[in-house]
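These notes concern the structure reproduced below.
Predicted model only: the values in this text are computed from it and were never measured. Values below: all heavy atoms of this structure, side chains included; hydrogens, waters and symmetry mates excluded.
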Amino acid sequence: MKTFNRFRRNLANSVAEFLGHGASASAPLPPTNQGRRILVVGGGPVGLTVALTLHAMAPGDVDITVADGRWTLDGESIRWKTSDEGVNRRQQVVTVQSLVFERIPADVRSAIFNEGGYSQIWPTGRESPAHIGFPRNVRIVDVEDRLLEIARKKRLHLLPCRIDPAAISLGEWDLIVIADGANSQTREHFRAAFGSADGSQYSLNGRQVADSVLGLRVRTSISSSASVVLTIAQQRFLFNGLGNGHGLLYMRLTDDEAGEVRGRVPGEHEFRPCIQSNPCQVTWRADKSRDAYVCSKRGSVFVPAMDPASFLWPRVLDGLNLFQMQRDSLEAVTVFPLSMTRRGAFSAELTPVGTKRRVFGALLGDAAGVTHFWPGRGLNRGLSSAHALAVVVSRVDPGSTLRSADFSEFEGVMAQLQSRHQDRAWRAMVQLYEGEVVPTKAVISRTIAVPRPSRHSLIREMQVRIAGLSSGLKDRLPSPPDLAELYSALDRASNETLAVLVATGAWETLGSGGNEVDVNAILRLGASQTLA
């Protein structure tokens, strides 16, 4: 108990120091009532979802503490920090499949998808069967805000501080849930227990394939159904929106284009490292007074938009034009470096083998592995894994010590989710081109470099492709697509963009289709056992 109290004081002092004051009385402390003691490191959508699901499944049997350094105390409440406080909130729009969101506790689900707080633009399918409903689009920032609010209402213990993994006293916890992102320091601290990730399966010619994707926060007047068909008809641009015109247009970059993505402070000659300085991820926001895109953290401007010799920027503008977006509707620019690895273990004993009181760790979300987001399954994988962990932990007698066997079903779910979702994503990263498997970005690069067919033949090929997709999707979309609107989009594209659209091909669905992972079957859950 003395050790536990010391740990509580250390956490409180860490919060006080982080907030710049010495008094620790106002800082929240971990709970002291009995129950299985669980520390969730990372308060993003996955970390908060597993905490709230466990709270619903095992009320009174678990003491849950969620810690995140991106939160701050505001009076007696906890909120997300703002960009002025050093945190760039994630504005990406994510698509949650209906089989995934129906597993979330009903009150949590209602909070995430409150009235008017989401949109439905994508078609029904195996992960979103028609009898359950369409997939739902929502911004990550909104999911985070809504989950934090319901966590406060349910009085979960929330710590607004970054956890130093070296300072974690394992004796005070039964389970450490690691959900602090792709660059998780906590996971790396316990690398000896979890092992290292392996990128060889996602490599070509001995080199791991990595994509750079430009994220453009925009407004558009194109219809949602047209944006869906236009997106899946090629692999250069992807638009995911909220149905009200707001959303993000993603642009897959060639290596040469990615090299142009740099920032520079006006008046200085040297480029700022920005995204080249991992893990910093910079967002350049539109500054109308300066007619530039400016990073609020570094003061740098987005160089391609200011460089008349840029090859990238005209292609960006052509992508905007394709999706019926005006230049002045572009609100912000960022870039996502993406690659994938495979993990052999998602749970591990953190105490030495043979220890009488065992402590375990579990990886969730991006800490368990990043899924290339082009097919839109990253958050779905994270939420499914949160559900699986909550189920297996809630089944164990809270008075007993955890064992490796208790996580066997969780491992089964995680392995299948990894295999299914990353196989789908890999098929979006590479393709067969002229008899050779190459990265999709290489197809774009080669197409730009070689002479292209006539504009008429390019438009005709895209029209045939779009007509076929529209016919196949018309009964599965919330509203049918308009071919005239889609053909007008093709008329707006440059010859180079048209050639790239043709060359990259439509989304690969033959090899990546088929049955999805039945999480509840692996967990041996019947319909009557799921949370309503």
Between CG on residue Leu147 and OG1 on residue Thr49, distance to nearest 0.5 Å
4.5 Å
Heavy-atom donor-acceptor pair, Ser339 side chain to Val209 backbone, under 3.5 Å:
no
Would you say Glu411's side chain and Ala345's backbone share a donor-acceptor pair under 3.5 angstrom?
no
Could you grab the distance from atom CD1 of Ile176 to atom OG1 of Thr186, nearest 0.5 Å is fine?
9.0 Å
Derivation of the side chain to side chain contact (heavy atoms under 4.5 Å, CB included) call for Gln120 and Ser479:
CA-CA 10 Å; Gln120 299 176 146; Ser479 60; over 6 Å; no
Test side chain to side chain contact (heavy atoms under 4.5 Å, CB included) on Ser227 and Thr220 and set out the steps.
CA-CA 10 Å; Ser227 73; Thr220 179; over 6 Å; no
Distance alone, cut at 3.5 Å: any donor-acceptor contact between the side chains of Asn137 and Thr95?
yes
Closer than 3.5 angstrom, by distance alone: can the side chain of Ser128 be matched with the main-chain N or O of Gly125 as a donor-acceptor pair?
no
Does the side chain of Thr65 reach to within under 4.5 Å of the side chain of Glu172, using non-hydrogen atoms?
no
Around atom CZ of Arg152, are there more than 12 heavy atoms from other residues, nucleotides or ligands closer than 6.0 Å?
yes
With heavy-atom distances below 4.5 Å as the criterion, would you say the side chains of Leu383 and Phe101 are in contact?
no
May I ask you to decide if the ring planes of Trp507 and Trp122 are parallel, tilted or perpendicular, using 30° and 60° as cut-offs?
parallel
Flag yes if more than 12 heavy atoms outside Asn205 fall under 6.0 Å of its CG atom; otherwise flag no.
no
Do Gln234 and Thr504 get their side chains close enough for a donor-acceptor pair, meaning under 3.5 Å?
no
Please check if any side-chain donor atom of Gln91 sits under 3.5 Å from a side-chain acceptor atom of Arg217, or the reverse.
no
Within the distance-only criterion (no hydrogens, no angle test), does the side chain of Gln418 pair as donor or acceptor with the backbone N or O of Gln422 below 3.5 angstrom?
no
Rounded to the nearest 0.5 Å, what separates atom CG in Leu248 from atom OG1 in Thr334?
9.0 Å
Among Arg89, Arg90, Arg70, exactly one meets salt bridge (Lys or Arg N to Asp or Glu O under 4.0 Å) together with Asp145. Which residue is that?
Arg89
Which is it for Val392 and Leu389 under the side chain to side chain contact (heavy atoms under 4.5 Å, CB included) test, yes or no, and what are the steps along the way?
CA-CA 5 Å; Val392 300; Leu389 183 63; 4.2 Å; yes
Please check if atom CZ in Arg155 has more than 12 non-hydrogen atoms from other residues, nucleotides or ligands closer than 6.0 Å.
no
Any Lys/Arg nitrogen of Glu149 or Arg146 sitting under 4.0 Å from an Asp/Glu carboxylate oxygen of the other?
no
A side-chain contact here means heavy atoms from C-beta on lying under 4.5 Å apart; do Val94 and Val138 qualify?
yes
Side chains of Trp374 and Val213: closer than 4.5 Å at any heavy-atom pair?
yes
Please check: side-chain N/O of Asp174 versus main-chain N/O of Arg36, any donor-acceptor pairing under 3.5 Å?
no
In a check of salt bridge (Lys or Arg N to Asp or Glu O under 4.0 Å) between Glu516 and each of Arg420, Arg381, Arg126, which one passes?
Arg420
Beyond-backbone contact of Gln92 with Ile140, side-chain heavy atoms, under 4.5 angstrom:
yes
Stepwise side chain to side chain donor-acceptor pair (under 3.5 Å) check, Asn244 with Ser119
CA-CA 8 Å; Asn244 58 2; Ser119 62; over 6 Å; no
Validation row: Leu253, Asp211 side chains within 4.5 angstrom (heavy atoms)
no
Just by modelled atom types, is the Val359 backbone N or O under 3.5 Å from a matching donor or acceptor in the Thr351 side chain?
yes
So Thr231 and Phe323, do their side chains get closer than 4.5 Å, heavy atoms only?
yes
d(Asn520 CG, Leu525 CG) to nearest 0.5 Å is 5.0 Å
Atom pair OG1/NE2 of Thr53 and His387 - distance to nearest 0.5 Å
8.0 Å
Can a side-chain donor-acceptor contact be found between Arg103 and Ser384 if the only test is distance below 3.5 angstrom?
yes
Atom CG in Leu338, atom OG in Ser212: separation rounded to 0.5 Å?
8.0 Å
With no hydrogens and no angle check, just 3.5 Å: does a side-chain donor-acceptor pair link Asp68 and Trp80?
no
May I ask you to decide if Thr440's main-chain N or O and Gln235's side chain share a donor-acceptor pair within less than 3.5 Å?
no
Are Leu473 and Pro481 packed together at the side-chain level, in the sense that at least one heavy-atom pair is separated by less than 4.5 angstrom?
no
